[in-house]
Each structure stands twice: as C-alpha cells, then as structure tokens.
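The structure under discussion appears below in the form of structure tokens.
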Amino acid sequence: MANVFEQELSKNTVFLDRNALSQSYIPDHLPHREAEIERMMRCLAPALQQKTVNNLFLYGKTGVGKTSCTKHVIEKLLETKQKHNVPVDGVYINCAINNSKYQVMLKVAEYCCPGENLVGFPFAALFEKILNYASSKNSNMVIVLDEIDKVNNLDDLMYALTRANDELKSGHVSIIGITNNALFKDELDPRSKSTLCEEEMVFPPYNASQLQSILEERIRIGFKPGSVDESAINLAAALSAQESGDARYALKLIVKAAEMTDAQGAAKILDKHVVTARKSVEEDIVFDVIKTLPEHQKIVLRAIASLTSEGSKVRRLGEERGELVLFSGEVFEQYEKECRKMEKSPRSARWCREYIRDLEMLGLVTTTLSGKGVRGNTTLIKLTFPPDKVMLALQREN
DNA sequence: CCTCCACAGGAAGCGCAGGAGT
DNA sequence: ACTCCTGCGCTTCCTGTGGAGG
C-alpha cells in the first residue's frame, strides 16, 4: 500500500529516509568495525557468567564509530539478557549532557528504578538505590560514559563506583569510558587511571575505501536508488579521509550535497555538488569557530580582515604571487583603532601577539617570520579565508 | 662593520575569581 | 562564614634576533 503523502513528498527529492542519514542513527551493520565489536563483546562476555568485567577505555577521533559500536554492543548484551534471562544491564550516558557525578549517578539510578522520580534525591540515596538494584538482581551492570572527559569531577565519580564494588556482595559495576581527547588519559588522577584503563582500545580513523563502503551502505537506505553518482561517493570518501577519517563528516558532506542537488532540481548527486558542499561545510565550521571566539580575539580578527579587504595600507609582498600579507605592527594599530571604535580598552601589544598565535592555532590565519625584503624581525600574517566571509561571521554575533 | 629598527617571546608581577581548607 | 591558595588573563619590562641602512 503506497503512502500518497510520501510519494508526493519524495517527488522532487533524492532523499528516501533522512533519518538514516542523521548522525544519531545506528545502522544494524557497522562495516570495518567487526574486530573492535568482537573485542568489546569478549571484554563484556564474562558478565554473562556472573564474572567480573574489566573496565574498558575507548579512545579515537570523532566519527570513527566509538559510540555506534558501543551502543551496538550494549544492544546485543540486552538482547542476550532477554533471550537467556541472564542478570546483566547496560546503561548508556552521554556525559556532555550529564556532566557531573550527581547527574551520572541519577541516570544510573533512574535506570535501576524505572518510573520513580529521583530528581532532588541526595547523592547517597541514589547510590543506595543502585546498590540495592545490583545486589538484589545479582546484576553485572555495564555503565557507558560517553565523552567521559566532560565529567567535572571524574575522580570522585570513579571513586564512588569503585566503592560500590567493594560494598557489593553480589553483582558488579563496570565502566566503559569513551573519549576523543588524546590528552585526557594523562590528566587523570593515577588511581582513576588505573581503575578506568584496565582494558584499552584505540579506534583508528577510517581510510578512503572504508569510508566509501560506509557511505554506500547508508546511501542505500537513505537515498532513492541511483540518485548518487559513483564518483561523487568516491570524492566524498576521499575528502573525508584527508580530513581525518571522520565518517560523520563524510555523511554530512553527502547530505549537504543532496540538499544542493534538490535545490537545483537535479535528480542525481554529482561531484560538483560534493565540491560545493565541502565549501559550505567548511564555512559552517569556520563560522562556529569565529562565533565562539573571545571578544578581543574577534577584534583582532576583525582588524586583520578589514586591513586585508582595505588593501590600501597593505603592502604587497611575495615576489611570485604578490600575496597580501600584513605586519604584526599594523595589525596591532588597527586593533587599537577597532577597540576605540567599540569603546573598549585595548590589550597590550604583547597580548595581541598571543591572540594572533591563537588565531593561527585555530587555522584562521597563517603566519610566517619575515625574511629578506623586510626591515627587522616581524611576523607576517595572512588571512586564511576571504575577508568578506570572515566579516560576515563576525557580524553574526552582536 | 656597526647601528638601528621592528618586532619576538621569556620572566616577573598584579588583580581577580573561584575552590579548598578550617 | 571566613581566610588562604591557586590559576588565569593580562601588563610591564627586558633581552634577543635578523635584516636594512649608513
């Protein structure tokens, strides 16, 4: 029975199931992560026999399947629980949203006592609820802490959870910690570190051909048949592989490209759509970065952008290409002017240099040391993006 | 060659906010 | 509730550096 609404809706679009293309969607099959999934399942398997499960620490860049794999494994664990009636539990918690030890405990307690309103309960009471649940059901509880680096006082939380295990005569609590912050592990308290990192896994980035098959799989469910050109997929995969092997980025590219295809009334997503999509995705990222910049860094960036577009005061350097390059001194002068215009007191020149360095770290400008042809020892600054776009992003705020 | 320029970037210190200790 | 401490953002001061210009 055909749904007329859907037919009508899908008339002028390449999309079939947008949901399948969203980043929260978890496919049944996760290509190129079979080994990781198997290893995770092996880690958790002792739980099925009432044995202690080692805590697991997952690390890898964004969009390499850490969360998807974990959710998948937890799902399988709960399926097995249903099927064979074994006392295991899996709780997934996103610590970016629940970023305190209290909120994490609240989530776990809510899982243990469904239907009860526990908000406002003291920490000790939540702790008690969890202990009661685990010991009465003799359950092996697996708690997933996604983006674990966002938890404020993680050491306290880890301490509480280890204490839980000491107090439990039956049942057990174990943790899967997930992060994309490479430095996170070193920042941990040594005790928390040894607790959390009993078992470690690194998720490597996807390469181009892996990304390609991931995309193909999603495209099959997300788009109408034949609406994505083969070489467009290859291009999106290749670009994302360059970008750091991020599958989310690849998906975003394809979705953006699809939107452009729709907007043009075209029937097929082609290379050119991916190319423009990439620009737009990149611009989105730059816009976000600029929007969240501290005030004075914004003003410095504004100074650089206005000098670049003005061109009048800009000296032309670089023999072969004649690129527009700014001197750190004139950037500071312009920055002071901008500050006065906005009636803000300018920071010192020393600090302005730090700001410029920060902007470089964010990839908004590039700097080189002055060599031949320049008097003295100066930093030459070049804006990475077109000045009008930067100005637009700066204007968004306020 | 020396001097000067136009900065780079380290070190010390200052005021403030927020957390720990009592 | 109080002080004390610490970290952070920032200024001020200072020494270092490499090429231009005389």
Side-chain angles (χ1 to χ4, degrees), chain A residues 95-96 98-105 122-124 127 148-160 162-163 181-193 289-308 310-384 394 397-398:
Chain A
C95 301
N98 306 289
N99 61 353
S100 70
K101 90 174 171 177
Y102 181 82
Q103 282 181 358
V104 170
M105 283 308 230
F123 186 79
F127 192 70
I148 192 170
D149 50 317
K150 302 283 159 63
V151 180
N152 288 329
N153 34 15
L154 184 65
D155 293 323
D156 282 4
L157 179 64
M158 295 305 292
Y159 174 72
T162 18
R163 195 160 61 92
N181 179 359
L183 303 169
F184 168 70
K185 217 179 84 180
D186 304 324
E187 289 165 13
L188 272 177
D189 185 87
R191 255 184 303 168
S192 311
K193 191 172 161 182
V289 171
I290 292 177
K291 252 189 281 176
T292 55
L293 234 43
E295 188 186 28
H296 281 269
Q297 299 190 18
K298 275 188 194 164
I299 303 175
V300 172
L301 188 62
R302 179 188 295 273
I304 294 170
S306 74
L307 281 176
T308 307
E310 236 174 66
S312 60
K313 281 191 178 178
V314 174
R315 282 158 259 193
R316 265 169 199 277
L317 268 160
E319 27 327 311
E320 69 267 50
R321 266 163 296 163
E323 284 173 335
L324 294 173
V325 183
L326 305 172
F327 288 49
S328 56
E330 65 183 330
V331 167
F332 177 62
E333 274 172 34
Q334 182 66 27
Y335 158 75
E336 281 186 308
K337 269 188 215 160
E338 298 279 350
C339 278
R340 245 171 274 133
K341 227 188 284 173
M342 300 167 75
E343 293 178 0
K344 312 258 167 159
S345 53
R347 301 280 178 270
S348 66
R350 178 72 187 83
W351 209 244
C352 182
R353 273 174 244 148
E354 289 304 311
Y355 287 150
I356 291 168
R357 240 170 53 113
D358 292 342
L359 293 178
E360 187 186 21
M361 297 287 252
L362 292 168
L364 296 170
V365 299
T366 52
T367 69
T368 41
L369 288 173
S370 65
K372 272 188 186 171
V374 185
R375 194 148 195 262
N377 187 17
T378 316
T379 307
L380 305 173
I381 302 149
K382 213 179 93 194
L383 201 58
T384 320
L394 283 167
E397 204 75 9
N398 314 330

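What you are looking at is a predicted structure, and each value in this text was computed from that prediction instead of being measured. Letters go in sequence order (proteins before strands), and every chain restarts at 1. Atom set for the values below is all heavy atoms of this structure, side chains included, hydrogens, waters and symmetry mates excluded.
- The CZ-P distance, from A:Arg353 to B:dA6, rounds to 14 Å in whole Å.
- When every heavy atom of A:Asn98 is checked against every heavy atom of A:Val104, the shortest pair comes out as O-CG2, 3.6 Å.
- We find that CH2 of A:Trp351 is positioned 18 Å from C1' of B:dC7, with the value rounded to whole Å.
- The distance from atom CD1 of A:Ile381 to atom P of B:dA6 is 16 Å, rounded to the nearest whole Å.
- You'll find the side chain of A:Thr368 stays beyond 4.5 Å of the side chain of A:Thr379, heavy atoms only.
- Counting heavy atoms from C-beta on, the side chains of A:Leu301 and A:Leu383 come closer than 4.5 Å.
- Boundaries of the chain A contact region on DNA chain C are C:dG9 to C:dG21, first to last in 5' to 3' order (nucleotide atom under 4.0 Å from a heavy atom).
- Residue contacts for A:Tyr355: at a heavy-atom cut-off of 4.0 Å it reaches the sugar-phosphate backbone alone, with no base atom in range.
- Remark: A:Glu336 engages no residue in a salt bridge (charged side-chain N to carboxylate O under 4.0 Å, His left out) (not counting sequence neighbours).
- A donor-acceptor contact under 3.5 Å links the side chain of A:Arg350 to the base of B:dG10.
- Computed from coordinates, the A:Ile356 CD1 to B:dG9 P distance equals 11 Å when rounded to whole Å.
- Classification of the A:Phe123-A:Phe127 ring pair by plane angle, with boundaries at 30° and 60°, yields parallel.
- A donor-acceptor contact under 3.5 angstrom links the side chains of A:Glu338 and A:Gln334, judged on distance only.
- Between A:Arg357 and A:Glu360 there is no salt bridge, since no side-chain N of the basic residue sits under 4.0 Å from a carboxylate O of the acidic one.
- Rounding to whole angstrom units, CD of residue A:Glu354 and C1' of B:dG9 are separated by 8 Å.
- With A:Gln297 contributing its side chain and A:Pro294 its backbone, the two residues share no donor-acceptor pair below 3.5 Å.
- Rounded to a whole Å, the CD atom of A:Glu360 is 14 Å from the C1' atom of B:dG9.
- Rounded to whole Å, atom C1' of B:dG9 lies 16 Å from atom CZ of A:Phe332.
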Output a table of nitrogen or oxygen pairs between the protein and nucleotides 15-18 of chain B separated by less than 3.5 Å.
none

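- Checked for salt-bridge contact, A:Glu354 and A:Arg350 meet the test: a charged N lies under 4.0 Å from a carboxylate O.
- Note on A:Pro294: nothing from the nucleic acid sits closer than 4.0 angstrom, heavy atoms only.
- Contacts of A:Ser348 with the nucleic acid, taken as non-hydrogen atoms under 4.0 Å apart, include base atoms.
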